[in-house]
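Chain A is the first sequence line, chain B the second, and so forth, proteins listed ahead of strands; every chain is numbered from 1. No hydrogens, no waters, no symmetry mates; every other heavy atom, side chains included, goes into these values.
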Number of protein chains: 2
Amino acid sequence: MKVACSSCNLRELCMPISFGAEDMKRLDEVVATRHHVKQGELLFRDGEPFKSLFAIRTGFFKTSVSTPDGHEQVTGFQMAGEIIGLDGIVSDQHSCNAVALEDAEVCVMPFANVEELSREFPVLQRHVHKIMSREIVRENSMMLLIGNMRSEERLAAFLLNLVQRLHARGFSQTEIVLRMSREEIGSYLGMKLETVSRAFSKFSDEGIIEVKQRYVGILNAAALKKIVNPTGCV
Amino acid sequence: MKVACSSCNLRELCMPISFGAEDMKRLDEVVATRHHVKQGELLFRDGEPFKSLFAIRTGFFKTSVSTPDGHEQVTGFQMAGEIIGLDGIVSDQHSCNAVALEDAEVCVMPFANVEELSREFPVLQRHVHKIMSREIVRENSMMLLIGNMRSEERLAAFLLNLVQRLHARGFSQTEIVLRMSREEIGSYLGMKLETVSRAFSKFSDEGIIEVKQRYVGILNAAALKKIVNPTGCV
DNA sequence: GTCGGGTTTTGATGCATATCAAAAGATAGT
DNA sequence: ACTATCTTTTGATATGCATCAAAACCCGAC
């Protein structure tokens with residue numbers, strides 16, 4: 001079952017938009033194969049040789065790095081239409097682990113293909129640069145989040161970010177089914193799982209959200225935004 | 001005073017290494033002009049339109065982002081041979097501030113030039129990708145640092161990183177003159193200036209370092225490494 | 001040299017979050 | 001359906017770092 005980029009409904013997310021049908025056909029060449037990853041399995045692992053970027057077609061991933069003593073730091077959660085593997089370019093080997101948090105399918109894009117077609121299509125080249133820049137900016141804001149905000153602000157920002165990305169993919173603007181555990185959220189946000197749980201309970205008590213296990217209903221998005229940014233400006 | 005990349009002693013740091021004399025001449029075209037930035041001045045500011053990347057020729061910069069309520073998070077310190085401005089690519093405007101911490105000179109590389117020459121020279125293309133990937137990896141490790149380590153571990157890691165980069169530029173392996181304040185270090189590492197100061201004092205009391213204002217002498221690098229990574233493995 | 005403003009150090013105290021612990025709830029395998 | 005295991009919640013306590021405060025120190029301006 002071959003699904004070409006040109007006919008993929010995630011095209012606008014992982015490919016440049018301003019592409020003619022003609023060019024789009026050529027662009028299909030970036031994707032060599034597709035690959036299924038079962039829940040809990042690794043797509044790639046820290047230290048593994050880097051060959052390809054991966055575009056997520058379906059499913060949900062987390063990426064993480066570890067301290068020598070085995071403490072894990074989740075560095076990101078990725079969903080359909082997002083690209084993972086950029087960390088591997090610099091040293092030709094991956095520097096983090098990517099684990100599927102639910103059964104997933106990815107498009108394997110050999111980086112040699114990406115670079116070759118990038119030289120031919122400036123719009124693709126620009127797109128690749130933007131994707132990498134976006135990741136740099138995202139991580140900047142994560143540093144701000146972890147370094148400067150308190151636990152409840154972090155969780156509020158996390159939920160808003162998640163729901164915004166899901167909404168961009170056609171899901172509800174008010175309902176989330178979390179794919180990750182409290183511990184993984186905590187690792188991502190630089191806090192312990194108990195603190196995550198307490199923050200959930202607090203928001204729930206205040207009527208801002210509704211929590212039932214991994215289901216989260218957002219009852220008062222404005223309140224969440226106010227927690228992240230109390231002044232309301234910007 | 002025109003200094004071409006081909007005759008710049010920082011060439012190995014900001015340009016691809018495997019370049020013939022012929023190609024190197026063409027590569028000089030990436031740099032449009034040079035620009036002086038006085039200590040305390042901004043090279044670019046959050047929200048400003050993005051036109052160019054900047055290669056640092058001399059001097060020392062910090063980049064930072066801010067919360068709406070004005071709290072600053074330093075996202076990096078950059079020295080000679082390093083590239084700044086990558087954050088601006090994604091949305092055609094800068095998303096952080098870059099301030100010179102000492103009088104500096106930068107090479108202005110219009111991004112249009114970079115992209116055009118990248119298409120022509122695969123080795124430059126690869127280089128640009130690596131620089132962006134390196135920044136992504138660096139920020140991953142900063143998330144690990146801020147999210148998982150305690151204050152003394154963070155400062156130890158910071159000092160080791162700084163001295164390693166300075167050493168790569170021909171400076172001492174054991175002596176640093178800090179260009180940034182305790183507050184800026186603290187912001188970068190997600191802690192308060194008092195905590196930074198206390199950690200300095202502690203290391204000094206233990207004979208691991210020698211501190212006199214912004215001068216730091218590293219007396220026992222092994223001890224610093226052990227603080228970052230107690231198990232000693234890896 | 002002296003004054004004034006900024007930076008750094010050090011001490012005392014408080015608070016947010018980590019840690020420890022245990023129960024409740026969900027999930028998967030037999 | 002039932003048990004074993006994992007996840008989540010909640011409570012009690014501990015602690016690392018922030019906060020508040022003040023003194024010491026440094027640097028540049030005059």
Novice: Can you check the B:I146 CD1 to D:dC17 P distance for me, whole Å?
Specialist: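 Spelled out: CD1 on B:I146 to P on D:dC17 is 14 Å.
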Novice: Could you state the OH-P distance from B:Y215 to C:dT9, rounded to the nearest angstrom?
Specialist: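 Checked: the OH to P distance equals 15 Å.
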Novice: What's B:R150 touching, base or sugar-phosphate or nothing? Going by heavy atoms closer than 4.0 Å.
Specialist: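 B:R150: backbone/sugar contact only, no base atoms under 4.0 Å.
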Novice: Is the shortest side-chain N to carboxylate O distance from A:R169 to A:E82 below 4.0 Å?
Specialist: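 Answer for the salt bridge query: yes.
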Novice: If you only use heavy atoms from C-beta on, which nucleotide in D:dT10, D:dA21, C:dT17 is closest to the side chain of A:T195?
Specialist: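 For the A:T195 side chain, the nearest candidate turns out to be C:dT17.
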Novice: First locate atom CE of A:M132, then atom CD1 of A:I89, and finally report the distance between them rounded to the nearest 0.5 Å.
Specialist: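 With rounding to 0.5 Å, CE (A:M132) is 3.5 Å from CD1 (A:I89).
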Novice: Any N/O pairs under 3.5 Å between the protein and nucleotides 25-30 of chain C? List them or say none.
Specialist:
none

Novice: Find the distance B:K202:NZ to D:dC17:C1' and express it as a whole number of Å.
Specialist: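 Answer to the nearest Å: 14 Å.
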Novice: When we call it a touch if two heavy atoms are under 4.0 Å apart, what does A:S151 touch: a base, just sugar-phosphate, or nothing?
Specialist: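 Touches sugar-phosphate only.
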Novice: Taking A:R198 first and then A:E194, would you say they form a salt bridge - that is, a charged N and a carboxylate O separated by under 4.0 Å?
Specialist: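 Result for this pair is no, no salt bridge flagged.
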Novice: CZ of A:F203 versus C1' of D:dT9: gap in Å, rounded?
Specialist: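 Nearest whole value for this atom pair: 16 Å.
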Novice: Any side-chain N or O of A:S201 below 4.0 angstrom from OP1/OP2 of D:dT10?
Specialist: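 Yes, within the criterion.
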Novice: Measure the distance from CG on A:D205 to C1' on D:dT10 and round it to the nearest whole Å.
Specialist: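 So the CG-C1' distance, A:D205 to D:dT10, works out to 11 Å.
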Novice: Any residue in residues 178-192 of chain B with a heavy atom nearer than 4.0 angstrom to DNA chain C? Just list them by number, or reply none.
Specialist: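 Going residue by residue through residues 178-192 of chain B, the ones with a heavy atom under 4.0 Å of DNA chain C turn out to be B:S181, B:R182.
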Novice: I'd like to know if the side chain of A:D92 reaches the main chain of A:F50, judged simply by a donor and an acceptor atom lying under 3.5 Å from each other, with no hydrogens or angles considered.
Specialist: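 Pair absent, no side-chain N/O of A:D92 close to backbone of A:F50.
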Novice: Nearest whole Å is fine: how far is D:dA24 C1' from B:F200 CZ?
Specialist: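 To the nearest whole Å, that distance equals 18 Å.
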Novice: For A:F200, does the six-membered ring have the charged nitrogen or CZ of A:R182 within the cation-pi criterion, i.e. under 6.0 angstrom from the centroid and within 45° of the normal?
Specialist: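 Yes, a cation-pi geometry holds between A:R182 and A:F200.
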Novice: Kindly point out which of C:dT19, D:dT8, C:dT10 is positioned nearest to the side chain of B:E194?
Specialist: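 Out of C:dT19, D:dT8, C:dT10, the nucleotide with an atom closest to B:E194's side chain is C:dT10.
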Novice: Is it the case that the side chain of A:S187 and the backbone of A:V74 share a donor-acceptor pair, with hydrogens and angles ignored and the cut-off at 3.5 Å?
Specialist: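 Checking the backbone N and O of A:V74 against the side chain of A:S187, a donor-acceptor pair under 3.5 Å is found.
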Novice: Within this structure, what is the CG-to-P distance between B:L193 and C:dT7, rounded to whole angstrom?
Specialist: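 Going from CG in B:L193 over to P in C:dT7 covers 10 Å.
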Novice: For C:dT8, take OP1 and OP2 only and decide whether either is under 4.0 Å from a side-chain N or O of B:R214.
Specialist: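 So the side chain of B:R214 is within the cut-off, an N or O lying under 4.0 Å from OP1 or OP2 of C:dT8.
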Novice: Per the atom types in the model, does the base of D:dG11 pair as donor or acceptor with the side chain of A:R198 at under 3.5 Å?
Specialist: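 Such a pair exists between side chain and base.
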Novice: Look at B:K62 together with B:E72 and state whether they make a salt bridge at an N to O cut-off of under 4.0 Å.
Specialist: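 Result for this pair is yes, salt bridge flagged.
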Novice: Could you list the residues that satisfy side chain to side chain donor-acceptor pair (under 3.5 Å) with B:Q39, not counting sequence neighbours?
Specialist: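 Expected list: none.
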Novice: Quick one: does any side-chain atom of B:R179 pair with a main-chain N or O of B:F60 as donor and acceptor, under 3.5 Å?
Specialist: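 Side chain of B:R179 to backbone of B:F60, a donor-acceptor pair under 3.5 Å: no, none is there.
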